[in-house]
Number of protein chains: 2
Amino acid sequence: MTTDRLRELLKEKGLKVTPQRIVIFEAVVNLKNHPAVENIIEYIKIKHPNISIGTVYKVLDSFVENGLLKKVKSENDIMRYDAVLHHHHHLYCATTDRIEDFEDPNLDKLINDYFRKKKIKSFNIKNITLQITGEFNNK
Amino acid sequence: MTTDRLRELLKEKGLKVTPQRIVIFEAVVNLKNHPAVENIIEYIKIKHPNISIGTVYKVLDSFVENGLLKKVKSENDIMRYDAVLHHHHHLYCATTDRIEDFEDPNLDKLINDYFRKKKIKSFNIKNITLQITGEFNNK
DNA sequence: CTTGGTAAAGATAATAATTCTCCTTTAGGA
DNA sequence: TCCTAAAGGAGAATTATTATCTTTACCAAG
Ligand SMILES: [Mn+2]
Ligand SMILES: [Mn+2]
Ligand SMILES: [Zn+2]
Ligand SMILES: [Zn+2]
């Protein structure tokens, strides 16, 4: 995601293009591992020491509302953010709090086909996401 | 789960059998829909008005640690508890915060077989849980 | 059955992530 | 350039949860 593209998206959504929004969005994109607000603040503090914490929360919230970011809930009660917008799953390591993306269209097809045949009574499925917990090997 | 069985389990785990533990466990079992601490407190307040909130948190924590309950994380940052211990999935309704159990051994087999063939590089899967979001129809 | 050691309960203060309030600043269209 | 709604900054408030400290009571040993 380029900064110019972000400017376009903000305009499309009727959101003003502010330096804070640019910086916060870039932080989420650059920080891998689905950063928490704390990580984002730490990251932007270096170059932009006077962005208020409340602003970070508000900006992230509006990004999520407008589909520029997605929320990722973690094991503990802190929210994390994801700039990868297309459907994907997550690999969770409970011991390190590391979260990595996992995509597999074949698996998605398998599951979707399964539920197309065997519907759940009295429930309309909107989305199915796998929470794959375990341990990362190396690295 | 009967109260006598709970007494046994507590003893097995080296936990003292206290009236608070009995009452709190029964609350989680009787309250369906994966109660939050708030629901549990509300429920037990009727018959046992002097159980401390801190005790509820501590008891639930020790139950989770000792495998008598499981945590279920919800959309917002409040923890919810589950007395159903065997492997199962959850149906989430984002609008009502309702959470229902969903079991499907066939689906589990399908997914397990899939990952037995196609392993994820550098990740050891411990558990796979589906987060099925959508809307409940009737009721 | 009584007792003593200790785990657990109760009360309340402290934390910490998040939200709110209120005021000031600024983006961006006219 | 001006106007104004939108957005940002500062700090208080909220709220789920945790920590601390004192008191109670479970239960094993005698
Ligand atoms: Mn919170
Ligand atoms: Mn919290
Ligand atoms: Zn992701
Ligand atoms: Zn459940």
**Student:** Take atom NZ of Lys73(A) and atom C1' of dA17(C), then tell me their distance rounded to the nearest Å.
**Tutor:**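 Atom NZ in Lys73(A) sits about 17 Å away from atom C1' in dA17(C).
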**Student:** Roughly, in whole Å, what's the span from CG in Leu10(B) to C1' in dA25(D)?
**Tutor:**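 After rounding, the gap between these two atoms is 15 Å.
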**Student:** For Met79(B) and Pro19(B), find the nucleotide of DNA chain D closest to each by heavy atoms; which residue's nucleotide sits nearer the 5' end?
**Tutor:**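 So the residue in question is Met79(B).
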**Student:** Can you establish whether the number of heavy atoms outside Ile53(A) located under 6.0 Å from its atom CD1 is more than 12?
**Tutor:**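 No, the 6.0 Å shell around CD1 holds no more than 12 heavy atoms from other groups.
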**Student:** Is the cationic atom of Lys73(B) (NZ for Lys, CZ for Arg) positioned less than 6.0 Å from the six-membered ring centroid of Tyr92(A) and within 45 degrees of its normal?
**Tutor:**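 Yes, cation above the ring, under 6.0 Å and within 45°.
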**Student:** At what angle, to 10 degrees, do the two end axes of the helix from dC1(C)-dG30(D) to dA30(C)-dT1(D) meet, given five pairs define each axis?
**Tutor:**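 The two end axes of the helix from dC1(C)-dG30(D) to dA30(C)-dT1(D) meet at 30°.
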**Student:** Any chance CD of Glu38(B) has more than 12 other-residue heavy atoms, nucleotides or ligands included, within less than 6.0 Å?
**Tutor:**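 No - once you tally the heavy atoms of other residues, nucleotides and ligands closer than 6.0 Å, there are 12 at most.
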**Student:** Atom CD1 of Ile24(B) and atom OH of Tyr81(B): how far apart are they, to the nearest 0.5 Å?
**Tutor:**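 Answer rounded to 0.5 Å: 10.5 Å.
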**Student:** Which whole-number value in Å describes the distance from Gln20(A) CD to dT24(C) P?
**Tutor:**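 One finds 18 Å between P of dT24(C) and CD of Gln20(A), rounded.
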**Student:** Rounded to the nearest angstrom, tell me the gap between atom NZ in Lys16(B) and atom P in dT23(D).
**Tutor:**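 After rounding, the reported distance stands at 17 Å.
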**Student:** Rounded to whole Å, how long is the line connecting atom CZ of Arg21(A) with atom C1' of dA7(D)?
**Tutor:**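 My rounded result for the distance is 6 Å.
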**Student:** Would you confirm whether Asn30(B), through its side chain, and Ala27(B), through its main-chain N or O, come within 3.5 Å as a donor-acceptor pair?
**Tutor:**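 It does not hold such a pair.
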**Student:** Kindly state which residues belonging to residues 56-63 of chain A come within less than 4.0 angstrom of DNA chain D, counting heavy atoms of the residue only, listed by number.
**Tutor:**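 Contacts with DNA chain D under 4.0 Å: Lys58(A), Val59(A).
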**Student:** For Ile78(B) and dA17(C), what is the distance between atoms CD1 and C1' respectively, to the nearest whole Å?
**Tutor:**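 My rounded result for the distance is 15 Å.
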**Student:** His89(B) and side-chain hydrogen bond (donor to acceptor under 3.5 Å, both in side chains): which single residue from Asp108(B), Asp104(B), Asp101(B) fits?
**Tutor:**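 With His89(B) as partner, side-chain hydrogen bond (donor to acceptor under 3.5 Å, both in side chains) holds for just one option, Asp108(B).
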**Student:** Relative to each other, are the rings of Phe102(A) and Phe115(B) parallel, tilted or perpendicular (30° and 60° limits)?
**Tutor:**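 Plane angle between 30° and 60°, so tilted.
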**Student:** Please report the distance, rounded to the nearest Å, between NZ in Lys11(B) and P in dA7(C).
**Tutor:**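 Taking NZ of Lys11(B) and P of dA7(C), I get 18 Å after rounding.
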**Student:** Are any side-chain N or O atoms of Lys70(A) and backbone N or O atoms of Asp82(A), one a donor and one an acceptor, separated by less than 3.5 Å?
**Tutor:**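 Flag not set: sc Lys70(A) to bb Asp82(A) has no pair under 3.5 Å.
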**Student:** Quick check: does any side chain N or O of His90(A) sit under 3.5 Å from a backbone N or O of Glu100(A), one acting as donor and the other as acceptor?
**Tutor:**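 The answer is no, because no donor-acceptor pair under 3.5 Å joins these two groups.
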**Student:** What residues from residues 27-54 of chain A pass a heavy-atom cutoff of under 4.0 Å to DNA chain D?
**Tutor:**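 Close to the strand are Asn50(A), Ile51(A), Ser52(A).
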**Student:** So with a 6.0 Å cut-off around NZ of Lys118(B), is the heavy-atom count from everything else above 12?
**Tutor:**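 Yes, enclosed.
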**Student:** Pick the closest DNA chain D nucleotide for Leu15(A) and for Lys71(B) by heavy atoms, then say which residue is nearer the 5' end.
**Tutor:**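 Its nearest nucleotide lies further toward 5', so the answer is Leu15(A).
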**Student:** Does one side chain, of Glu103(B) or His86(B), offer a donor that lies under 3.5 Å from an acceptor on the other?
**Tutor:**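 A donor-acceptor contact under 3.5 Å links the two side chains.
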